[in-house]
Amino acid sequence: MKKYWNLFYLLALVVVTACSGGDDPINNGGNNGNNNGGGNGGGSINTWTALNASPDTWDNNKRADITYQILVYSFADSNNDGIGDFKGIQDKLDYINSLGVDAIWLSPIHPADSYHGYDVTDYTTVNKAYGSESDFKSLVDAAHAKGIRVYLDFVLNHTGTGHPWFKDAKTNEESKYRNYYFFNETGGNGWYEASSSSSLTSGKLKFVLDWSKKTVTVTKVSSADNKEGDGGIWLYFGDDVKKQFQKTGDNTYEITVDYNSSWGFLIRTSISTWDDGTKYGAPSSSDQISLGKAFALDNKTAADIKFAGSKTWYYYGAFGSWMPDLNYGNPSNVSSNATFKAVAAAGNNWIEKFGIDGFRLDAVKHIYDSRNDNVNFLKAWYNEMNKTYKAQGYTDDIYMVGECLAEHNEVAPYYAGLPAMFEFSFWYRLMWALSNKTGMYFAKDILSYQSEYARYNSKYIEATKLSNHDEDRTAYVLNGNVNWCKQAGAVLLTSQGHPYIYYGEELAVNPKTTKEGNGDEFNRGPLPWGDSYATKPNAVFNKNVSSNTDNVTTQVNNESSILNVYRTFTKLRNTYPALATGVMTKHGTYNENNSAFPTIAAWYMTEGSQKILVLHNLGGTSVEVPLSDNINKVIGLLNTVEKKDNTYRMSANSSVVFLLN
C-alpha cells in the first residue's frame, strides 16, 4: 500500500507542476515582488485573477498639496439660521481632514452687496452673517492645529457699489476716492451712469405739457403750490418723487413744484410700470432742456431730461453695473498708487492679524487691458504680500493662485507674475476624454501645457481642478454618471499638480440643471450633510440642488461611495511622493500614437528613485492591456482590474496605480 501511495504522490506532483507552468507553486502569483502584479494574486496562466491594492501605510505627512474649496454660506451651519458660518467649518474640520487636504480656500468672507461676496463693501473685516472676527481667528487656529492652511478669496479687480469708497466717489467730484475708480463723461460699452451735475438742480419750477405735440416747457416761478391734479400724467424727479399734472385744457397740463433733483426728470403715463412706452424723456442723453423753450419728448430712448449745462459722469464695470472696476493707475509704478496701497493694507492685515496662509486672486486678467500690465501688477502684489508674510517669521513663501478663466496658452504668461494658476484646460480635456471614451491624448495634452508654463516660470504650480463655483458642477457635466465622477476624481488625484476639490464634488452633488438661465446659484447649493449642519435652501438656492445626492452620513458608511473613492485616492497621493510632487511623463507604449488602445490614458509619476505607473481605462467596455513594466505591486485601484500573465484586463472606467521596481 505504501508503494502505491508514493506513486500517487509523484503523479500528483507532476500534475501540479505541469499546471503551474513549471514555476514553484509556493511563489506562483508574483509574491516575490519581482513579477508583474506582485502580491496581488497572479494565479494560473490560464485564468484571470482579480487584483487587490496593497498600498504602503501612510505616515500622516500631508505631502500632496490638496486644497478644498469652500463657499462659506453653503457649507455648514452651526447655529441653525440657514447660513453657513465659520463655526460650522471649524466643527467640520475632521471631515475636511479625512479628505487628506492640507489647505482650504474660502469664498470671499468680507461684507458685500450680494450673497456671493465678490462685490466687496469692506476689505478689512468679516461678513457678520458668517460670525465675528474672533470666530474667524478661531477657525484659522483650529485649521492650523490640524495641518490645514487657510487661503482667502481676494477680489482685486472691483468692489461693490455699496463700498464707501465708491459711494463717495460717485457723488463727489472732489472725493479723494475719485481716482480709485474709472469715471468719464462720454459713457460707452461697459460704462454706467454714476451721477449728474447741472446748472439747475433745485428751485421753484413750472412744468407745462402740450400733449398734442408731446413737448414740455419749464420756467422759473416765484412760488410753487405743489398741487396735484388727476390728469393721468406724472412728473417724476429726485428721490422717487411722483407728482400728477393738473389738466388745464384739451391736451394741456401743468404743475408747479419745489424741484430738487440731481439726475433730472421724466414724464410718465403710469407709476406702476416703465413698459409699453409709458416713460417719456429725452431723445438721447446728450439732449438737454433750456428754460422757456419747448422740449420734444421721446418714449423710445427716454433718457433722463437734464437742464442745459448739465454734466453726467459714468463709471466702468467690466462685470456689470454693481461691480465698478478699481483703478490702479500707471502699471509701471503701481506700488505707489493710492488704490493699490489701500487694498494692499487690507491684504496685509489678514496676514498679520489673522495668520492666513495665502490668497486666491479673482479675475486677474481684467485688472488692466494689457496682459503684460496685469503680470506686472501681480508681481507687485505678490511681492508686497510675501514681504508681510515673511515678516511674521515664515521661512517659506506665501501661497498665491490666480484665476484666469481661459485656455492654457492664455494662462501661461501669468506664471511670470504668480507662482500658481488654475488650469482650466485640465478639466476641459478630461471632460472631453470621459465623454468621448478616449484617453490616449490626455497625457500628451497636459504635458504640452506644462512645457508652456515652464517657459515663464520653472517653478510653476499647476492648480489642477475639475469644476468650481463659476462652472456647472462635475456631476451635471458628466450626465450624473457616478462612475465617470469617480474616475474624474481618480485622474485628478493621480496627475501632476496641486489639485483642488470643490466642496460637494467628493459626493457627486448634482443640481441636474445648467447654470445658464438659472444662475450660478445652482452650482453653489447646500452641502448635504445628513445632519443639522446642512444650510437651508432659500430663494437664492434652488431646493433641489443637493437633494439629488446621497448625503455625507450615507456615503461614509458605503465603502463603494464616491466619497470613499476620494478618500482612498487622496490618502494614496499623500502616501507616495511620486504621486504627491512627482513629475509626469508619457508611457512609451500607451500614448497618443497607439490607436489600438484609444481608451487608455497612461503616464508615469516620478520623484527621486520612486516611480509609479498610472493607467485609466476611460472606455465603456473592458480592455486587455499587455504590460512590460517592472511592477512591484498594485497600490491603487478603481473598479475591477484582473491579471493573466503580463496582461491586465481593465473593466469599464477602471483605474490602476502600480508601484514600479
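Heavy-atom basis, side chains included; hydrogens, waters and symmetry copies ignored.
Considering CG of Leu235 and CD of Glu228, their distance stands at 9.5 Å, rounded to 0.5 Å. Leu297 CG to Tyr280 OH: the interatomic distance, rounded to the nearest 0.5 Å, is 8.5 Å. With rounding to the nearest 0.5 Å, the separation of CH2 in Trp165 from OG in Ser175 is 11.5 Å. For the atom pair OH of Tyr68 and CD1 of Ile148, the computed distance is 11.0 Å after rounding to the nearest 0.5 Å. Rounding to the nearest 0.5 angstrom, the gap separating the CE atom in Met400 from the CZ atom in Phe154 is 9.5 Å. Note that OG of Ser74 is 10.5 Å distant from CG of Asp77, once rounded to the nearest 0.5 Å.
Remark: the Thr278 side chain and the Asp276 side chain contain no N/O donor-acceptor pair separated by less than 3.5 Å. Side-chain contact, Trp313 with Glu173: a donor N or O sits under 3.5 Å from an acceptor N or O. Side-chain atoms of Asp357 and His144 include a donor-acceptor pair closer than 3.5 Å. Asn327 and Asn179 share no donor-acceptor pair across their side chains, judged by distance under 3.5 Å alone. Of the N and O atoms on the side chains of Ser138 and Asp135, not one donor lies less than 3.5 Å from an acceptor on the other residue. With hydrogens and angles left out, the side-chain atoms of Ser467 and Glu505 include a donor and acceptor closer than 3.5 Å. No side-chain donor from either of Asp122 and Thr125 sits under 3.5 Å from a side-chain acceptor of the other. Checked by atom type, the side-chain pair Tyr500/Asn468 shows no donor-acceptor distance below 3.5 Å.
Open room surrounds NZ on Lys220; 12 or fewer heavy atoms of other groups in view lie less than 6.0 Å from it. Within 6.0 Å of NZ on Lys137 lie more than 12 heavy atoms contributed by other residues, nucleotides or ligands. Heavy atoms from other residues, nucleotides or ligands lying under 6.0 Å from NZ of Lys387 number 12 at most. For CG of Asn330, the number of neighbouring non-hydrogen atoms (other residues, nucleotides, ligands) closer than 6.0 Å is greater than 12. Trp322 CH2: 12 or fewer foreign heavy atoms inside a 6.0 Å radius. Counting non-hydrogen atoms of other residues, nucleotides and ligands closer than 6.0 Å to CG of Asn79 gives a total above 12. The 12-atom threshold is not exceeded at CD of Glu174, counting heavy atoms of other residues, nucleotides or ligands nearer than 6.0 Å.
With Thr121 contributing its side chain and Gly160 its backbone, the two residues share no donor-acceptor pair below 3.5 Å. Of the possible polar contacts, none joining the Glu423 side chain to the His408 backbone as a donor-acceptor pair under 3.5 Å is found. Side-chain N or O atoms of Asn386 include none that pairs as donor or acceptor with a backbone N or O of Asp397 at under 3.5 Å. With hydrogens and angles ignored, the 3.5 Å screen pairs no side-chain donor or acceptor of Thr256 with any backbone N or O of Ala224. Of the possible polar contacts, one joining the Tyr368 side chain to the Gly329 backbone as a donor-acceptor pair under 3.5 Å is found. Using a distance-only test at 3.5 Å, with no hydrogens or angles considered, a donor-acceptor pair links the side chain of Trp263 to the main chain of Gly238. Using modelled atom types, one side-chain atom of Lys365 and one backbone atom of Leu405 make a donor-acceptor pair closer than 3.5 Å. With hydrogens and angles ignored, the 3.5 Å screen pairs no side-chain donor or acceptor of Asn383 with any backbone N or O of Ala380. Counting only distance, with no hydrogens or angles, the side chain of Thr301 and the backbone of Ala303 share no donor-acceptor pair below 3.5 Å. Checked by atom type and distance alone, the side chain of Tyr399 never pairs as donor or acceptor with a backbone atom of Ala420 at under 3.5 Å.
Take Asp373 and apply the side chain to side chain donor-acceptor pair (under 3.5 Å) test, not counting sequence neighbours, and it matches no residue.
Val218 places none of its side-chain heavy atoms less than 4.5 Å from the side chain of Tyr259. Side-chain contact between Gln90 and Asp141: absent, with no pair of heavy atoms (C-beta onward) separated by less than 4.5 Å. Contact annotation: the side chain of Tyr123 approaches that of Thr159 to within less than 4.5 Å [non-hydrogen atoms, C-beta and beyond]. Inter-residue side-chain proximity for Tyr73 and Tyr130 is flagged as met; some heavy-atom pair is nearer than 4.5 Å. Counting only heavy atoms from C-beta outward, the side chains of Lys170 and Tyr181 never approach each other to under 4.5 Å. Side-chain contact between Ser290 and Phe307 is absent, with no heavy-atom pair separated by less than 4.5 Å. In this structure, the side chains of Tyr118 and Asp153 come closer than 4.5 Å at one or more pairs of heavy atoms. Between Phe319 and Asp119, every side-chain heavy-atom pair lies at or beyond the 4.5 Å cut-off.
Ala318 approaches Asp325 most closely through the heavy-atom pair N-OD1, 3.1 Å. Across Asn337 and Thr339, no two heavy atoms sit closer than the pair OD1-N, 2.8 Å. Contact detail for Ala342 and Tyr180: the closest heavy-atom pair is CB-OH, 3.8 Å. Taking all atoms of both residues into account, the shortest heavy-atom contact from Tyr428 to Glu407 is CD1-OE2, 3.6 Å. For the residue pair Thr219 and Gly292, the shortest heavy atom distance occurs at CG2-CA, 4.0 Å. Between Phe424 and Ala406, the closest heavy-atom pair is CB-O, 3.8 Å.
Evaluated for a side chain to side chain contact (heavy atoms under 4.5 Å, CB included) with Met421, the options Ile461, Val364, Asn457 yield exactly one hit, Val364.
Ring geometry for Trp105 versus His469: interplanar angle over 60°, hence perpendicular rather than tilted (30 to 60°). Using cut-offs of 30° and 60° on the angle between ring planes, the pair Tyr415 and Tyr453 is tilted. Below 30°, between 30° and 60°, or above 60°: for Trp381 and Phe359 the angle between ring planes is above 60°, a perpendicular geometry. Using a 30° and 60° split on the angle between ring planes, Tyr389 and Tyr394 fall in the parallel class, below 30°.
Asp470 and Arg524 are joined by a salt bridge, as a carboxylate oxygen and a charged side-chain nitrogen come within less than 4.0 angstrom of each other. A salt bridge does not link Asp298 with Lys214: none of the charged nitrogens is closer than 4.0 Å to a carboxylate oxygen. Using a cut-off of 4.0 Å between Lys/Arg side-chain N and Asp/Glu carboxylate O, Glu403 and Arg360 are scored as salt-bridged.
Here Trp274 and Tyr236 bring their ring centres to under 6.0 angstrom of each other.
Cation-pi geometry between Arg268 and Phe237 is not met at under 6.0 angstrom from the ring centre and within 45 degrees of the axis. Relative to the ring axis of Phe75, Lys92 does not place its NZ or CZ within 45° and under 6.0 Å from the centre.
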Review point. Between Trp350 and Phe136, does a ring pair (Phe, Tyr, Trp, His ring centres under 6.0 Å) hold up when you go through it step by step?
Key: CA-CA 11 Å; Trp350 291 103; Phe136 176 68; 5.7 Å; yes
Exercise for review: Would you check, one step at a time, whether the test side-chain hydrogen bond (donor to acceptor under 3.5 Å, both in side chains) holds for Glu384 with Asn348?
Suggested key: CA-CA 8 Å; Glu384 173 67 23; Asn348 286 332; 2.9 Å; yes
